[in-house]
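Notes follow once the structure below has been shown.
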Amino acid sequence: MKTNARSIALETLIKVLAQGSYSNISLNHALKGAKLPAEESRLATNLVYGTLQNKLYLDYQLKGLVKAKLKEAYIEPLLLMSIYQLLFLDKVPARAVLDEANKLAKAFGKPKSSGYRLVNGILRSFQRRGTILPKEDDPDYLSVKYSEPKWLADYLVANWGPKRAEKIMASFNTHAKNEIRISSLVKEGQVVYDLKKAHFNPVESALADRSYSLSRGGIILTDFFKEGQVTVQDEAASLVAEAFDFTGNERVLDSCAAPGGKTIQLAEKLPEGQVTALDIHEKKLRLVRENAQRMQVADRVKTKALDARKAGGYFSKGEFDKILIDAPCSGLGLLRRKPEIRYSKQPADITSLAQIQLDILNEVAGLLKSGGELVYSTCSISVEENEENVQKFLKAHPDFVLKPFKTAKVKAEQGMLKILPDSYNSDGFFIAKFTTRG
């Protein structure tokens, strides 16, 4: 079968659902190799992310229609992707969806397989029956409707109430914006003008400075990206570096740095300073160095392969003016951008990650100079990884206090800022800023 949007999407979904691959990495790799026209690439992206975002809902639509175990790995992803098209893509005729599903089943099936007949029969049965949902008073209603595992749907309701929880869950199933940040080393107005000429139609963020959403993808293939004028970074994530108050000559520790987006942003603010970037894995630090080179700040960045939980044994007490802990987390703020996370995480993951985060906080705190600034951030919205860790840290370190901060467009008068994903249609994010007393 000739490579097209649907074959690329199906191949990617098989890797994600059957092999545990990351959606963004698998899809980007497949699209890069296929070199599809822009419209086909957009369709493939829509099919992958739309299917993953709505997987539990789509699974529920198969209820009563699948009578036996689906033995071939391609069948379930193909059924889910096809039902997604029938329900969510208004411009695609139903007959075209079934015709393409038939072709894909024959191309991906084993020799002499009759899987295509099974796929065709199930899809036609679904068309005759139509969509189904649990009743609104059913405990599984929100989980199925918004394709969130029940524990997570219950968690969101418990912490934000049913109305806000529904808004958050609905936002997770919308398209992620093509977000960039313009380097502070270039003239913002000129880059915006050039982006408009290149038909990227940049729209300024209401949340973060120098952040813009683009009307289409492909920015990484342009000179804007290759020459370091822009980088791909969500608007909520770019707030982290803005939380610091820089003079420009500080020594800064980025304790959990890879792949380096925030490291570069910190380095841009340090014409006479330096960022030391840590990560456990040396190969990930190569990405930090490559990004620093591309963004023209390599001379301001040095790297060290080191577990941040052991940083006190390598660096001196009070060695750094500023410290960033962008901690490894559950990623519950990224479910729009990385939809498969919702199906792999469990409540126990939040608990274990919260402890790792607290261990890093406790270890790194001693490296901060008296009167310095420590910013702690996660791309999670869980209370355990954020507010509870802040309180535990303050209790264990009475010499630290929260420090109010403001960025160009938002402020945190209590020293903590939580961005929920429905507020700005951005990633969910948490930021807390500390300093020492006296």
Side-chain angles (χ1 to χ4, degrees), residues 24 28 31-32 38-39 41-42 45 175-248 252 254 257-275 277 287-301 324 326 334 336-337 377 379 406-410 419 423-427 429 431:
N24 57 334
N28 289 342
L31 289 175
K32 188 175 180 179
E39 187 174 349
S41 292
R42 285 194 291 271
T45 301
H175 293 299
K177 290 183 281 190
N178 293 310
E179 202 77 20
I180 60 161
R181 182 182 62 81
I182 297 175
S183 168
S184 59
L185 304 184
V186 300
K187 292 182 179 179
E188 182 179 3
Q190 183 62 55
V191 175
V192 170
Y193 175 79
D194 292 340
L195 286 168
K196 289 178 179 177
K197 284 184 64 177
H199 306 293
F200 280 100
N201 304 316
V203 176
E204 185 176 359
S205 167
L207 180 59
D209 198 25
R210 304 181 78 90
S211 287
Y212 292 81
S213 60
L214 307 179
S215 61
R216 63 183 179 90
I219 192 69
I220 64 172
L221 304 175
T222 68
D223 289 341
F224 295 109
F225 183 84
K226 294 174 183 177
E227 295 173 0
Q229 298 177 60
V230 306
T231 191
V232 176
Q233 187 173 27
D234 185 80
E235 55 194 321
S238 70
L239 285 175
V240 175
E242 289 189 50
F244 288 101
D245 297 313
F246 285 106
T247 60
V252 181
D254 186 354
K262 298 178 188 69
T263 308
I264 275 70
Q265 195 176 0
L266 294 170
E268 289 173 15
K269 299 177 181 292
L270 299 169
E272 299 175 9
Q274 190 172 61
V275 184
L287 291 175
V288 177
R289 292 191 289 270
E290 289 169 5
N291 276 325
Q293 189 73 40
R294 179 179 61 82
M295 296 296 288
Q296 314 298 321
V297 292
D299 59 328
R300 306 179 191 182
V301 175
L324 171 61
D326 185 43
L334 306 179
R336 179 190 290 111
R337 198 173 299 279
S377 65
C379 54
K406 63 179 181 178
T407 69
K409 297 179 181 179
V410 295
I419 304 295
S423 297
Y424 296 90
N425 292 320
S426 68
D427 289 346
F429 231 87
I431 304 169

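Positions are given from 1 along the sequence.
In this structure, E242 does not pair ionically with K269, as no charged nitrogen and carboxylate oxygen lie closer than 4.0 Å. For K409 and E204, the salt-bridge test passes: some basic side-chain N is under 4.0 Å from an acidic carboxylate O.
At distances below 3.5 Å, at least one donor-acceptor pair connects side-chain atoms of R300 with backbone N or O atoms of A267. No donor-acceptor pair under 3.5 Å is formed between the side chain of D427 and the backbone N or O of D234. Side-chain N or O atoms of N291 include none that pairs as donor or acceptor with a backbone N or O of G261 at under 3.5 Å. Side-chain N or O atoms of E268 include one that pairs as donor or acceptor with a backbone N or O of S184 at under 3.5 Å. Not a single donor-acceptor pair under 3.5 Å links the side chain of S423 to the backbone N or O of I419.
How far SG of C379 is from CZ of R337: 11.0 Å, rounded to the nearest 0.5 Å. Atom CG of L324 sits about 10.0 Å away from atom CD of Q265, to the nearest 0.5 Å. In this structure, L266 CG and F244 CZ are separated by 6.0 Å, a value rounded to the nearest 0.5 Å. In this structure, D209 CG and L239 CG are separated by 9.5 Å, a value rounded to the nearest 0.5 Å.
A 4.5 Å side-chain heavy-atom check between R181 and V230 finds every atom pair outside the cut-off. Looking only at side-chain heavy atoms (C-beta outward), L207 and V410 come within less than 4.5 Å of each other. Under the 4.5 Å side-chain criterion, counting only non-hydrogen atoms from C-beta, F224 is not in contact with I182. L214 has its side chain out of reach of V203: every pair of non-hydrogen atoms, C-beta onward, lies at least 4.5 Å apart.
Residues forming a salt bridge (Lys or Arg N to Asp or Glu O under 4.0 Å) with R294 (at least two apart in sequence, or on another chain): none. Legend: residues meeting side-chain contact (heavy atoms from CB on, under 4.5 Å) with Q190, ordered by chain and number and at least two apart, are K187, Y193, D194. Residues that satisfy the salt bridge (Lys or Arg N to Asp or Glu O under 4.0 Å) test with D254, not counting sequence neighbours, are absent from this structure. For D245, the side chain to side chain donor-acceptor pair (under 3.5 Å) partners two or more places apart in sequence, or in a different chain, are K433. Looking at residues two or more places apart in sequence or on another chain, you find no side chain to side chain donor-acceptor pair (under 3.5 Å) involving R210. Contacts of R289 classified as side-chain contact (heavy atoms from CB on, under 4.5 Å), with partners at least two apart in sequence or in another chain: E282, L285, R286, T303.
The shortest non-hydrogen separation linking A257 to A277 is CB-CB, 3.5 Å. Here the closest heavy-atom approach between residue S215 and residue N178 is recorded as C-ND2, 4.4 Å. Here the closest heavy-atom approach between residue K262 and residue D326 is recorded as NZ-OD2, 3.0 Å. Taking all atoms of both residues into account, the shortest heavy-atom contact from Q229 to V191 is OE1-CG2, 3.5 Å.
If you check the side chains of S205 and E235, you find a donor sitting under 3.5 Å from an acceptor.
Annotation: cation-pi geometry satisfied between R216 and F200 (NZ/CZ under 6.0 angstrom from ring centroid, within 45° of ring axis).
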Walk me through it: do L270 and V297 pass the test side-chain contact (heavy atoms from CB on, under 4.5 Å)? CA-CA 9 Å; L270 299 169; V297 292; over 6 Å; no
Kindly indicate, with the supporting measurements, whether the criterion side-chain contact (heavy atoms from CB on, under 4.5 Å) is fulfilled by V240 and F429. CA-CA 9 Å; V240 175; F429 231 87; 3.5 Å; yes
Run the side-chain contact (heavy atoms from CB on, under 4.5 Å) check on I219 and T222 step by step: do they pass? CA-CA 5 Å; I219 192 69; T222 68; 3.7 Å; yes
I would like to know whether V192 and Y212 meet side-chain contact (heavy atoms from CB on, under 4.5 Å); could you show each step before the answer? CA-CA 9 Å; V192 170; Y212 292 81; 3.5 Å; yes
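The environment of I220 atom CD1 is sparse: at most 12 non-hydrogen atoms of other residues, nucleotides or ligands sit within 6.0 angstrom.
Looking at K177, Q233, E179 one by one, the single match for side-chain contact (heavy atoms from CB on, under 4.5 Å) with S211 turns out to be E179.
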